[in-house]
Novice: 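Would you mind keeping the following structure in view while I ask a few things?
Below, chain A is the first sequence line, B the second, and so on; all start at residue 1. Since this is a predicted model, take the numbers as computed values, not measurements.
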Amino acid sequence: MENAFEVLKERGFIEQLTHPEEIEELFKNEKITFYIGFDPTADSLHVGHFLTVMAMSHMQRCGHRPICLMGGGTGMVGDPTGKTDMRKMMTVETIDHNVECFKKQLSRFIDFSDDKAIIVNNADWLRNLNYIEFLREIGSSFSVNKMLSADCYKTRMEKGLTFLEFNYMIMQSYDFLELNRRYGCIMQLGGNDQWSNILGGVNLIRVKESKPAYGMTFQLLTNSEGKKMGKTEKGAVWLDPTKTTPYEFYQYWRNVGDNDVEKCLRLLTFLPMDEVRRLGALEGSEINKAKEILAYELTKIVHGEEEAKKADAAAKALFAGGAVSGSIPTTEITNADLCDGIDILSALVTTKLAPSRSEARRAVQQGGVKINEEKITDIEYKITTDTFNDGIVTIQKGKKSFHRIKLS
RNA sequence: GGUUGGGUUCCCGAGUGGCCAAAGGGGGCAGACUGUAAAUCUGUUGCGAUAGCUUCGAAGGUCCGAAUCCUUCCCCAACCA
């Protein structure tokens with residue numbers, strides 16, 4: 001079995017280690033229990049989470065035992081790291097709902113059978129903490145002076161930080177201690193933005209238990225310009241197919257910048273490194289092949305082989321100008337809806353290609369809309385029965401957004 | 001609790017009675033060029049078919065007319081306590 005440390009290192013996951021030599025030694029000799037925390041801030045995981053899930057999966061494949069920690073308790077507080085504003089407080093119901101969604105998604109990527117991985121919720125120990133006891137046992141081990149100098153609070157020192165959020169670091173540190181006591185968890189992994197929070201936990205265990213504990217952080221998924229990836233104008237790229245369709249998901253990766261292809265292949269797929277390097281070295285328009293593979297592989301991991309094939313086929317058909325097939329978004333309408341025809345602006349809005357009639361009009365007037373491959377610049381244009389070919393009309397806005405209307 | 005400075009459209013930020021749906025930048029969208037890339041250039045960017053309607057923390061008020069003036073309230077930051 002491969003050495004997880006080597007795998008993660010070669011694929012470029014690792015950013016910081018609390019104890020480099022000790023950790024390297026540890027991975028050579030032992031199978032460990034480690035954890036990654038997920039705060040349930042939404043009802044689906046997104047690409048940022050996925051990166052850490054991949055790391056977790058690599059670790060598991062190498063024989064280590066992951067703990068997925070659901071932040072049902074920490075979510076009540078909210079991590080201020082990297083946030084410029086305090087985030088909205090979530091209700092308990094929302095948090096618990098989100099935790100359930102996370103659990104379902106995680107089981108796609110992590111093998112929970114036979115205790116090979118466990119999933120726990122820190123609500124179990126955080127929500128009923130006794131304030132005074134907690135302060136005396138845990139609070140006494142933290143220095144406010146030190147905490148204030150932590151990087152994660154820096155932006156908030158200018159913009160304001162509530163006491164609620166200030167406690168987040170302590171909550172997370174306490175989680176690690178709790179997991180150490182309950183499950184013998186000795187390492188915490190996380191995105192690099194979690195560094196200070198992780199350090200807090202490592203130190204706490206070392207102080208309270210006089211036992212070794214380690215932390216490791218991963219590179220954040222940023223593009224070559226240093227901006228976070230996995231974000232679109234509509235928000236995050238979600239793993240939930242109803243929030244980001246497999247086709248959209250595929251397209252996101254098909255369109256990554258040239259300079260980011262190799263990084264994405266390394267971090268987000270299981271392709272062997274030889275292959276990754278070969279694909280990453282492609283130049284000019286050749287690199288499109290690498291992007292196709294990236295999009296396909298990643299969609300396959302997240303949505304399954306069938307969806308990946310559909311998305312792939314749809315993309316090729318649309319962009320090669322061939323027959324329309326596959327899984328591009330489709331809206332069904334009935335003959336009755338059609339009766340006098342649908343004007344083009346309504347069509348753009350109902351298919352969500354445009355958010356409002358005003359924007360739809362602009363798009364048409366600027367020559368950005370095609371119906372059945374034909375450019376339409378008349379905002380009065382109507383889709384009628386004659387527009388349909390075999391019961392289907394394809395609307396295109398811009399170069400990359402397609403939608404079909406199907407007559408049923 | 002006190003003092004000071006603030007809350008403007010997706011974000012940053014100008015605007016201190018009419019010329020303001022609100023400068024400028026970022027971002028977004030569309031077009032050209034391309035490789036479904038990047039960079040660049042052009043157009044566009046509250047809703048609405050026009051009329052018009054809604055927007056400048058909230059609610060009231062003054063005025064022919066308010067993002068701009070007044071009152072109350074809410075929120076934020078810095079300093080003081």
Side-chain angles (χ1 to χ4, degrees), chain A residues 80 82-89 153-165 222-229 231-236 247-265 279-296 298-299 311-322 324 326-329 342-349 351-371 373 375-382 394-403:
Chain A
K83 306 273 181 311
T84 43
D85 299 301
M86 181 168 165
R87 80 168 48 141
K88 263 193 232 137
M89 286 243 236
Y153 292 126
K154 226 171 225 166
T155 49
R156 293 320 263 329
M157 292 306 284
E158 287 150 25
K159 279 270 189 173
L161 177 70
T162 61
F163 185 66
L164 173 76
E165 295 171 290
T222 51
N223 65 19
S224 46
E225 281 147 27
K227 284 188 192 151
K228 260 195 192 171
M229 293 189 73
K231 289 254 156 90
T232 67
E233 68 289 349
K234 287 174 201 139
Y247 176 75
E248 286 170 323
F249 187 83
Y250 179 98
Q251 282 299 318
Y252 182 84
W253 302 106
R254 178 61 187 76
N255 282 309
V256 297
D258 286 7
N259 299 330
D260 303 318
V261 178
E262 184 176 335
K263 183 178 188 177
C264 291
L265 283 166
L279 290 169
L282 294 175
E283 292 198 7
S285 57
E286 283 288 293
I287 196 125
N288 275 320
K289 284 189 188 139
K291 293 184 190 177
E292 275 173 31
I293 292 172
L294 169 67
Y296 177 78
L298 192 40
T299 310
D312 194 52
K316 284 187 174 132
L318 288 170
F319 287 99
V324 175
S327 64
I328 63 165
I342 301 172
D343 67 282
I344 189 165
L345 300 188
S346 305
L348 284 165
V349 173
T351 55
K352 299 209 172 72
L353 285 173
S356 68
R357 294 180 69 79
S358 293
E359 286 211 17
R361 192 175 331 111
R362 270 175 231 127
V364 173
Q365 283 167 343
Q366 290 179 104
V369 175
K370 287 181 184 171
I371 287 189
E373 320 242 333
K375 187 180 279 187
I376 306 294
T377 48
D378 176 14
I379 58 169
E380 303 282 328
Y381 181 92
K382 281 198 169 195
T394 307
I395 308 180
Q396 178 181 359
K397 190 198 130 220
K399 284 179 206 143
K400 294 174 198 169
S401 311
F402 298 87
H403 200 104

Novice: Give Val256(A) one of three labels, base, sugar-phosphate or nothing, depending on what nucleic acid heavy atoms sit under 4.0 Å from its own.
Specialist: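 Val256(A): backbone/sugar contact only, no base atoms under 4.0 Å.
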Novice: Write down the distance separating the C1' atoms in rU54(B) and rA37(B), rounded off to the nearest Å.
Specialist: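 Nearest-Å result for rU54(B) against rA37(B) at atom C1': 41 Å.
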Novice: Please tell me if Arg362(A) has a side-chain N or O lying less than 4.0 Å from either OP1 or OP2 of rC47(B).
Specialist: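 Yes, such a contact exists.
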Novice: Does rA49(B) have OP1 or OP2 sitting under 4.0 Å from an N or O in the side chain of Arg357(A)?
Specialist: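 For rA49(B), OP1 or OP2 has a side-chain N or O of Arg357(A) closer than 4.0 Å.
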Novice: Would you measure the distance from the P atom in rG48(B) across to the matching atom in rC41(B) and give it in whole Å?
Specialist: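 rG48(B) and rC41(B) have their P atoms separated by 31 Å.
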Novice: Using the C1' atom in both, what is the distance from rG57(B) to rG25(B), to the nearest Å?
Specialist: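 The answer is 24 Å between these two C1' atoms.
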Novice: For Lys399(A) and rU34(B), what is the distance between atoms NZ and P respectively, to the nearest whole Å?
Specialist: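 In whole Å, rU34(B) P and Lys399(A) NZ are 11 Å from each other.
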Novice: Write down the distance separating the C1' atoms in rC70(B) and rU62(B), rounded off to the nearest Å.
Specialist: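 Rounded to whole Å, the distance is 7 Å.
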Novice: Could you state the atom-to-atom distance from CG of Asp312(A) to C1' of rU36(B) in whole Å?
Specialist: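 Checked: the CG to C1' distance equals 13 Å.
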Novice: Work out how far the P atom of rC75(B) is from that of rA81(B), and round it to whole angstrom.
Specialist: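 The answer is 24 Å between these two P atoms.
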Novice: Looking at Leu353(A), Ile342(A), Asp343(A), which one forms a side-chain contact (heavy atoms from CB on, under 4.5 Å) with Leu348(A)?
Specialist: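 Single side-chain contact (heavy atoms from CB on, under 4.5 Å) partner of Leu348(A) among Leu353(A), Ile342(A), Asp343(A): Leu353(A).
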Novice: Report the distance from atom CG of Asn288(A) to atom C1' of rG35(B), rounded to the nearest whole Å.
Specialist: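 Distance, rounded to whole Å: 5 Å.
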Novice: Looking only at atom P, what distance separates rC33(B) and rU42(B), rounded to whole Å?
Specialist: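 Result for the P pair: 16 Å, nearest Å.
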Novice: Would you kindly give the CD1-to-P distance between Ile293(A) and rU36(B), to the nearest whole Å?
Specialist: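 The answer, rounded to whole Å, is 16 Å.
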Novice: Tell me if the side-chain of Gln366(A) makes a donor-acceptor pair with the base of rG31(B), cut-off 3.5 Å, by modelled atom types.
Specialist: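 Between rG31(B) and Gln366(A), which were checked side chain against base, a qualifying N/O pair under 3.5 Å is absent.
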Novice: For Trp253(A), which of Leu265(A), Leu298(A), Val261(A) qualifies under side-chain contact (heavy atoms from CB on, under 4.5 Å)?
Specialist: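 When side-chain contact (heavy atoms from CB on, under 4.5 Å) is applied between Trp253(A) and each of Leu265(A), Leu298(A), Val261(A), only Leu298(A) qualifies.
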Novice: Any donor-acceptor pair under 3.5 Å linking the side-chain atoms of Glu359(A) with those of Ser356(A)?
Specialist: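 There is no such pair (donor and acceptor under 3.5 Å, judged by atom type) between the side chains of Ser356(A) and Glu359(A).
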Novice: Take atom C1' in rG18(B) and the same atom in rA67(B), then report the distance between them in whole Å.
Specialist: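 Taking atom C1' in both rG18(B) and rA67(B), they lie 13 Å apart.
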Novice: Within this structure, what is the NZ-to-P distance between Lys375(A) and rA30(B), rounded to whole angstrom?
Specialist: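 It works out to 13 Å between those atoms.
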Novice: Rounding to a whole Å, what distance do you find between Lys400(A):NZ and rU34(B):P?
Specialist: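 These atoms are roughly 16 Å apart.
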Novice: Would you say a side-chain N or O of Ser285(A) is under 4.0 Å from OP1 or OP2 of rA37(B)?
Specialist: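 No, because none of the side-chain N or O atoms of Ser285(A) sits under 4.0 Å from OP1 or OP2 of rA37(B).
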Novice: Could you check whether any side-chain N or O of Lys289(A) sits under 3.5 Å from a backbone N or O of Leu279(A), counting only pairs where one atom can act as donor and the other as acceptor?
Specialist: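 No, the answer is negative, given that no donor and acceptor are paired below the 3.5 Å cut-off.
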Novice: Does rA49(B) have OP1 or OP2 under 4.0 Å away from a side-chain N or O of Arg361(A)?
Specialist: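 Arg361(A) to rA49(B) OP1/OP2: side-chain N or O found under 4.0 Å.
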Novice: Pick the C1' atom in rC69(B) and in rG17(B), then give their distance to the nearest Å.
Specialist: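 To the nearest whole Å, 7 Å.
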Novice: Between Asn288(A) and Ser285(A), is any side-chain donor less than 3.5 angstrom from a side-chain acceptor?
Specialist: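 No - no donor-acceptor pair under 3.5 Å links their side chains.
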Novice: Between rU44(B) and Gln365(A), counting only base atoms on the nucleotide and side-chain atoms on the residue, is there a donor-acceptor pair under 3.5 Å?
Specialist: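 Absent.
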